[in-house]
Amino acid sequence: IYHQSSRQSDAAVLSAAPIFPSEELLWDPHSVPPGNTSLASNVQSLSLPKLNTRFLSAGDYLLRNFHLFRLECAYEIRGDIVDVIKRMRPALKQ
């Protein structure tokens, strides 16, 4: 049945997706590698989904760039949050 159902268009997927990453994407280690240098040496880079066998159309190009933009934003935002938390030096008082 899945093969017979119609696929959502790329425009519908893009219009429903937020421009900036959600909190789930920010802290998902499978989507965005950790920015910590001690951990980054053990983590391999994550790849994008494979291209179709056809040539890259303008829509495919824009969709891939959108996904890359969201992943780069998530990486940078998470790095900034971690940096700020370290500089705040939070302490747990009991």
Side-chain angles (χ1 to χ4, degrees):
I1 292 177
Y2 176 75
H3 297 289
Q4 301 300 326
S5 65
S6 62
R7 197 185 115 200
Q8 272 190 322
S9 68
D10 292 338
V13 171
L14 285 177
S15 65
I19 294 176
F20 291 105
S22 64
E23 189 173 343
E24 292 175 3
L25 180 62
L26 279 178
W27 303 111
D28 183 14
H30 301 293
S31 297
V32 181
N36 191 338
T37 55
S38 62
L39 295 176
S41 61
N42 297 333
V43 177
Q44 295 177 352
S45 63
L46 299 173
S47 63
L48 289 173
K50 290 184 180 181
L51 290 174
N52 294 335
T53 55
R54 60 192 165 126
F55 288 110
L56 188 65
S57 68
D60 291 336
Y61 174 77
L62 292 174
L63 184 64
R64 289 176 64 80
N65 275 345
F66 177 74
H67 289 300
L68 266 176
F69 173 76
R70 286 192 68 212
L71 291 175
E72 287 178 10
C73 282
Y75 181 80
E76 292 296 325
I77 290 170
R78 185 172 64 187
D80 291 343
I81 290 172
V82 168
D83 181 48
V84 167
I85 290 173
K86 283 180 185 177
R87 286 189 288 145
M88 287 175 56
R89 293 185 218 154
L92 181 63
K93 294 184 180 181
Q94 294 180 358

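Owing to the predicted nature of the structure, the values given are computational and were not obtained by experimental measurement. Only this structure's heavy atoms are used, side chains among them; waters, hydrogens and symmetry mates stay out. By convention here, the first residue in the shown sequence is residue 1.
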TODO: Please name all residues satisfying salt bridge (Lys or Arg N to Asp or Glu O under 4.0 Å) with Arg89, sequence neighbours left out, ordered by chain then number.
DONE: none
Task: Partner set under salt bridge (Lys or Arg N to Asp or Glu O under 4.0 Å) for Asp80, not counting sequence neighbours - done: none
Open item on the list: If you compare all heavy atoms of Cys73 against all heavy atoms of Pro21, which two are closest, and at what distance to 0.1 Å?
Closed with: CB-CD, 3.8 Å
Task: Where Leu71 and Ser31 come nearest, the two heavy atoms and their spacing - done: CD2-O, 3.7 Å
Task: Side-chain hydrophobic cluster, 4.5 Å single linkage: members besides Ile77 - done: Leu26, Trp27, Ile81, Val82, Ile85
Open item on the list: Return the CZ to OG distance between Arg70 and Ser22, rounded to the nearest 0.5 Å.
Closed with: 6.0 Å
Open item on the list: Rounded at 0.5 Å granularity, tell me how far OH in Tyr61 sits from CZ in Phe66.
Closed with: 15.0 Å
TODO: Output yes when a side-chain donor or acceptor of Arg78 lies under 3.5 Å from a complementary backbone atom of Val32, and no otherwise.
DONE: yes
